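Each residue takes its place number in the sequence, starting with 1. Note that the structure is a prediction, hence the values are computed from the model and not measured.
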Amino acid sequence: MTAIFNPTGPAVTPVPRPAPPQAATPAPTPAGPVGPVLELPGDAALVPVTRDGHPVGVFVAAGGRVRYRRVVEPDQLVAAATGAFAVAALTAAVAVWSRRRPPSVGTVTMGPGGWVSLRGVPAPRLRPGDRPWWARLLRARRLVVDR
């Protein structure tokens, strides 16, 4: 404190000084991937492991052994369940779509003389290019199918 002599009297008046600049506080640094050691009762300790601020696992030191235990996050469980549901739905859709259809040919029997009889089979459709223009114009139908 600096004192200034006051000529009007014997009192000494202190001179205000500007506050010294304070050192900037360092920005908090992100925690490393390994957290502090947590002592447990007995002969055990835990050391948490994080990634991007989220816990991913923990080292467990007990009985002279160190083991790593992975932490299961709820987001991972939801993602796994969603993926399993999508695979099940896709499998069910493929199974329904590709189920076995009845054969297009019914009973095939051999008749006398070597002719073949197909039961339950509709007559083949005629292609538009197989008919002459006048038959299409008149919408005529064939009585005998040429083979």
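- Put simply, Val47 and Val66 are part of the same group of oily side chains (I, L, V, M, F, W, Y) that touch within less than 4.5 Å, one to the next.
- The heavy-atom pair separating Thr50 from Pro55 by the smallest distance is CG2-CA, 4.1 Å.
- Judged as a side-chain contact (heavy atoms from CB on, under 4.5 Å), and not counting sequence neighbours, Ala80 has no contacts.
- Here Val72 is tied into one hydrophobic group with Leu77, each link being a pair of ILVMFWY side chains closer than 4.5 Å.
- Sorted by first and then second residue, the ring pair (Phe, Tyr, Trp, His ring centres under 6.0 Å) pairs involving residues 69-93 (not counting sequence neighbours) form an empty list.
- A search for side-chain contact (heavy atoms from CB on, under 4.5 Å) contacts involving Val71 returns nothing, not counting sequence neighbours.
- Remark: of the listed residues Val49, Val60, Val58, Val49 is the sole one forming a side-chain contact (heavy atoms from CB on, under 4.5 Å) with Tyr68.
- Taking all atoms of both residues into account, the shortest heavy-atom contact from Val56 to Arg51 is CG1-CB, 3.8 Å.
- In terms of the side-chain contact (heavy atoms from CB on, under 4.5 Å) criterion, residue partners of Arg67 (sequence neighbours excluded) are, by chain and number, Arg65, Arg69.
- The side-chain contact (heavy atoms from CB on, under 4.5 Å) check on Ala135 picks up Arg131, Pro132, Ala140, with sequence neighbours excluded.
- Taking each heavy atom of Pro36 and Pro48 in turn, the nearest pair found is O-CD, 3.3 Å.
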